[in-house]
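Keep in mind it's a predicted model, so treat the numbers as computed, not measured. A note on names: the letters A, B, ... follow the listed sequences, proteins ahead of strands, and every chain is numbered from 1.
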Amino acid sequence: GDSVTQMEGPVTLSEEAFLTINCTYTATGYPSLFWYVQYPGEGLQLLLKATKADDKGSNKGFEATYRKETTSFHLEKGSVQVSDSAVYFCAPPGVTGGGNKLTFGTGTQLKVEL
Amino acid sequence: GAVVSQHPSWVICKSGTSVKIECRSLDFQATTMFWYRQFPKQSLMLMATSNEGSKATYEQGVEKDKFLINHASLTLSTLTVTSAHPEDSSFYICSASAPGVYTEAFFGQGTRLTVV
């Protein structure tokens, strides 16, 4: 079945550092791909998505490019802020039909320090 | 994006009692809802998948008689933790999807359950 492999954390960075969180996937076809973010004590929020190969999703300075050739969807941000401290989940290929299971891994905890 | 509201956001109950958690899609019809339990170190475990009007599909190892899921309408799913014990204390999160309308799923804000 479709799945993702995500870089394990925790990741600790200084403010303004460059961030990369790796995510690779296996899927049949070319599904949509997602990154979700979870701030402390909250549910998950969609951070960005890409719906087809070579698409770049972006939001709040974060970017991820859907690379079919490497089956990757790595999350990047050029300059992190303390407010970016959260847990990031690379989501499995998108819900494309009723009843698709939506499973996640452990996520990657990011801590940004001054 | 669409909004999913989960209630309550936190609850404390006595051991042996039951607790009901609601998950509502506020501005869309959710044909499928998912219930997760989040363990320490943020691991999200899918507990069950429910489709409106039919019985939930539970993941392996999840007791369906203990975690009762009802998805009676396109905007509401409930999770009832029956005869709760301290080991059921956790963070429970729901999500809702509408395949064919949205490509992504939308999440509730989570419920912190503490059983004392």
Side-chain angles (χ1 to χ4, degrees), chain A residues 1-4 6-11 21 27 29-52 55 57 59-60 64 66 73 85-111, chain B residues 1-7 9-10 21 23-24 28-60 62 71 74 91-112:
Chain A
D2 298 348
S3 65
V4 293
Q6 183 176 345
M7 166 180 161
E8 288 195 18
V11 173
I21 301 177
Y30 303 108
S32 301
L33 298 173
F34 309 90
W35 276 98
Y36 284 87
V37 59
Q38 184 181 29
Y39 297 102
E42 298 182 13
L44 277 68
Q45 303 172 30
L46 181 67
L47 179 60
L48 54 83
K49 66 179 180 181
T51 57
K52 60 182 187 296
D55 255 7
N59 185 27
K60 299 181 181 180
Y66 185 154
F73 193 53
S85 297
V87 180
Y88 293 83
F89 291 90
C90 182
V95 179
T96 54
N100 279 13
K101 284 204 297 189
L102 199 59
T103 56
F104 292 85
T106 56
T108 302
Q109 183 172 20
L110 170 65
K111 183 177 179 183
Chain B
V3 178
V4 173
S5 176
Q6 191 173 336
H7 178 80
S9 54
W10 62 269
I21 302 170
C23 181
R24 292 181 184 272
F28 70 104
Q29 294 186 323
T31 49
T32 306
M33 288 190 171
F34 304 88
W35 286 95
Y36 297 86
R37 180 173 178 176
Q38 189 166 35
F39 292 95
K41 299 202 174 184
Q42 75 263 352
S43 178
L44 268 177
M45 182 192 82
L46 177 65
M47 298 174 68
T49 303
S50 74
N51 292 297
E52 183 266 339
S54 60
K55 289 184 178 180
T57 302
Y58 289 82
E59 294 300 301
Q60 193 171 9
V62 177
H71 191 166
L74 286 171
F91 193 60
Y92 293 88
I93 306 175
C94 72
S95 73
S97 69
V101 179
Y102 298 107
T103 53
E104 67 267 36
F106 301 93
F107 287 78
Q109 57 268 62
T111 297
R112 171 68 61 188

Any heavy-atom pair between the side chains of B:L44 and A:Q38 that's under 4.5 Å?
no
Heavy-atom proximity to chain B below 4.5 Å, by part of A:L44
both
Atom group of A:Q45 that falls short of 4.5 Å from chain B, counting heavy atoms:
neither
Okay, B:Q38 and chain A: the region with an atom under 4.5 Å from a heavy atom over there is side chain
Euclidean distance, B:E104 CD relative to A:T51 OG1, rounded to 0.5 Å:
10.5 Å
